[in-house]
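Here is the structure we will look at.
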Amino acid sequence: MSLLVSGIGFGIISGAILSMSSIGFTLQFGMTNVLNLAYGTVMTIAALITYVVNISGYSIFVAAFIGVVFAMIATLAVGWGVLQPFAHKGLPLFAMAMVSVGVSLIGDYLVASITHSEIYQFQFPAGQTYRFSGLTFTTTDLVIIAISIISVAAIELALHRTRLGVAIRATSASASLARACGIPTRKVVNATWLISGLFCGLGGVTLAMSYQSVTYTMGTAYLPYILAVVIVAGIGSVGYAALISLVLSVVIQVAGVFGASSYNVVIALAVLLAMLLIRPKGLFGELFEKTEVAI
Amino acid sequence: MEYYISTVLVYLAVYALGAWALNLQFGLGGIVNFAFIVFEAVGAYVAGVMSLGSSGASLGITYIWGAKLPFPLPLLAGAVAGGLVALVIGPATMRKMRRDYQAAAMLVVAIILNQVVTNAKGIFNGAEGLAGVPSPLSQYFSASTYPWLYVIWGLFLMLIVYLFLQRLGRSPFGRTLRAIRDDEAAAVALGKNPWATRMTVFVIGGVIGGLAGGLLMEYIGAWGTSAWGYQETFVLVVAVVFGGIGNQRGALIGAALVGVILLQLTLFLPPVGYPGLINSLQWVVIGAAWLVVLWFRPDGILPERAFLGLSRKGRLDFRRGASGSAGEMDQRGEKAVSVG
Amino acid sequence: MSISLQLENLSVGYREVIVHDLSFSASSGESLAVIGVNGAGKSTILKAIIGEARVHAGRVYFNGTDITGYAGNVLASMGVGYVPQVRDAFPGLTVLENLRMGGYLLPRREVASAIAEVLDRFPQLGPKRYTLAHQLSGGERKQLGIGRALMSKPSILLLDEPTSNLAPNLAEEVLRDISRITSDGRCVIVVEQRVEAVLRVADRACLISNGTPQMLSDARSVLEFIQTHGLFGQDKPSQVRSGSLL
Amino acid sequence: MSNVQLGSQHRATLTKDQSGSAALETDNVVVRYGGQTAVEGVTLGFPAGSVTGIIGPNGAGKSSLLGAISGMIPISQGSIRFDGKDVTGEPPFRLARAGLIKASQHAQVFGRMSVLDNLLVAEPNQRGERFAVAARGPHLWKAQERSAEERAMSLLSDFDLAHHAKTRCSLLSGGQQKIVEYLRALMARPKVLLLDEPSVGLAVHLVKRLAEDLARLAEDGCCVVLIEHEMGLIREASNRVVGMVSGKVVVDGTFEEVEQSEALQRAYLGAE
């Protein structure tokens, strides 16, 4: 029983991290229709910057902030600098995903050659331990959960209540119709890159904080979980992505405490594979099947 | 030094076999097989356990199906195993879906299998994998001549596979395969069975992949899960696209450039910086080269020939048209239109 | 102030030209119907005007400004409204959100009154304001599409087959809206399948056949011409060409 | 409009054939997508040696009917008989092998292959298409290949495309691709030929040649069914016209009869 409870506790923490990571991915994917496999690389970069700033004497919060800002810049740079020019050349969806793999390889291994492919341990203290009826959380865990709840609630509200948020949903549904409304779709797409980068950074930084370490493969190795969530939840659906993240994480962690811990990835990927085979459009479906790259 | 050259040549044969098999599946058949490295892995493992003898006999490593078969049976067993694996994962992953999703599904299959083999030590000894696999017939030759004989053996297999695939690609079978790739619905309307045709080349590719894996295993003698990460498939995809999708000679050039020059020759460079720097940088170079190829020559160095009929008289009209090149990497007509 | 849209020897299409050498102009307070049998490329004309299809030759002027190839959002800010044939509303957005997006360019304080105005014009939408667009019926959805385009108070409205997939009575209703819209001093260009029905509400009409304009005249004469010769009568358009083609 | 003229005796022979046994029959075929009904109970017989034109406004269900006949679109109700056998629910590639060939509305050519290869793909019963034969070597299929190549070249020269035989198909114009698709369908030796708007993008003289070609096909006993908006082609090539509105057949007769049909006129003109 206590094993089950602690599994759920771990599940909530990793669910908090996964939901932020997958929301950034799904927003960007829903908008541009490009399967951006360089996303994990940006997560790694954000975590690494956080580490470097933290190690040079700043508090972990300042460091995390700088890391997230870097993730936003890096995401925009990948979107603008690489994916957009390729899309304008008329590459199809599949080739665009391939381009992002190239970006990911370059990024990951540049990081590897700079960091000597080593694992870096964070130095900040995990803080006090709190107990809630069997669940155990450290201060770091609680901060991660709080950041996740606040940011997910904020993006969900923003997408429904703000002009830019609704414009993002509108452009993602139909860019040409959005233009006919006078929405400057190019600016909206850029805003989406930035928001996607924000969540990507939050995901990467909190992932490293919960691991207490960072290495060059961290983000890309995490990508399968994100893909599983995004495809199961349906591309572009933020609320479902958060929900599925939580469910998937709890399932994996509970399975882990009962001895299947080395099969974490296998569980996540088996779920993804089953979804791809049974309902490639995701549980909660898309309203239109987009077949075009829109950047 | 001589040993280096012969090793590089064996690697060339292995990469070329892999690139051709992938070219058959991906270039001619349009199957986005990102699980290809699994075929090579199975071929290597099976060839290994078929040469190592029964599990308990060796130095504390555990695996299934141990046997000590004479040359060339372990290699053949590896090839057959590759085909069988294709037969199993083919039906599951070749459903009708978006091509980038199919790529993701294949990738996922590759990662799952790798993880399972890594974690379940009983199958092929987990992450450490097999070691000490004897090279076939090596006891009859001196250590200096054997590598060269192995090179000749590898080049011989290459030649056989090349001629076989060339024959297949230029036959009506190959033509039907390319037709299904270009427009599945239209091919169906002409009475072609896309599923059966694709499945055939998926299995043939599996056999050749298994052969390549076995060939490498019997030369280097060791094989673990780190040798077949999904990135290794990516090397072959890069090689095929680099050389020219749908063109065998192009795939050979790609395999030589990417597989051998970038990945293997760097092993013999004098050490620069800290150990492992070159290893990381070569992936950066591959990634960058990949983007350069996609940008400048999406059809590769030697693009596919449009005409493969019997009568070869007359010039081939092969201009790169406005609709050609980039848009054709995707065959389902998912034309990318950039907006915004 | 009078508005005008002017097409000068326009050839439009995608990779290949679909409609050749089209010229017409339309000004405020009038409606112009573009008609022809299926596949004549009528919708492509509208798409080319708003920059979503290719202009191979010719120019488009709006109030004397050359707007050929301008992006849709720039045209929207100049006062060109467009209602596509199928994807005419954002499916995952509510009616209210759709209208708000239609009024994206309006100053914030005017949005509420503009929404009230549209809901006034299409009373059926009022009770459904929190319904998602893809849950609306065909007729409601088309009204939403037109209402969304009217939000930005366009001086010219381009309608692409507004009655397709609508039951006959709903189609009549949508077409009647066209005359209400022009009576506000706007200009409407409508591409339409239901030839006779649209010709009864439009002021002028352009008949396209075989990728070329065959006749441009007031709606009544085009209607008469079609009634006597049939829409796909043999050789007839070429006889008319010299006389009534403007 | 194209002005297609054909010999009058040709049209007479065609009309006589109508009483012959039907090569293709649809019995109360219904096609539904989601909640919408595209084809609502169509019962038609198409005799061998006839050319039937199907006309009607957009959304009348013409393409859905053709898709249902060719097995590409599943039918919700009813049955389809081809060559005397019930073929309802057969996979489309089996129907095609049996001689029921459809050419699509948007030219679907094999873009990265040459024009000649596009045609050769369609040759029925190719020995070298089987993996086992292809693997054993070209001597097993070369003879058949040569005769197929000759037939393909003669088809290409009929439509002035012989000089493009080795051109990559994606480099052709839309109209040329449309012809390649038509010739490819002929290459498959169809018993029933279904054409979805074959004249789109064709120059006037080619539409005329197409009309002649269709008539010749029918004389050889092929059953041709075409959807068409180009009335000149319908008038000259077909000896029977079926008018569809909202998923139903509203008129079935000669071109002149159909032209007078008020139901069809109303549907086109939109005054319901």
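Heavy-atom basis, side chains included; hydrogens, waters and symmetry copies ignored. Chain identifiers are assigned alphabetically (A, B, ...) following the order of the sequence lines, protein sequences preceding nucleic acid strands; residue numbering begins at 1 within each chain.
The most heavy-atom pairs under 4.5 Å with chain A, out of G51(C), G72(C), G81(C), come from G72(C).
Taking every heavy atom of both residues into account, A173(A) and F90(C) meet most closely at CB-CD2, 4.2 Å. Closest approach of N73(C) and T185(A) over heavy atoms only: ND2-N, 4.4 Å.
Atom CZ of F70(A) has 12 or fewer neighbouring heavy atoms from other residues, nucleotides or ligands inside a 6.0 Å radius. The environment of OH in Y61(C) is crowded: more than 12 heavy-atom neighbours from other residues, nucleotides or ligands sit within 6.0 Å.
Every residue two or more places apart in sequence or in another chain was checked for a salt bridge (charged side-chain N to carboxylate O under 4.0 Å, His left out) with E156(A), and none qualifies.
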Show me the donor-acceptor pairs, under 3.5 Å and distance only, between side chains in residues 101-119 of chain C and residues at least two apart or in other chains.
from    : atom 1 : to      : atom 2 : distance (Å)
S113(C) : OG     : E110(C) : O      : 3.0

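To the nearest 0.5 Å, atoms OG (S176(A)) and CD (E52(C)) are separated by 4.5 Å. Separation of atoms CZ (R169(A)) and OG1 (T94(C)) is listed at 7.0 Å; rounding is to 0.5 Å. Taken from SG in C181(A) to CG in N98(C), the straight-line distance is 7.5 Å, to the nearest 0.5 Å.
Judged by distance alone, with hydrogens and angles left aside, the side-chain atoms of R179(A) form no donor-acceptor pair with the main-chain N or O of A71(C) at under 3.5 Å.
Only the backbone of D88(C) comes within less than 4.5 Å of a heavy atom in chain A; its side chain stays farther off.
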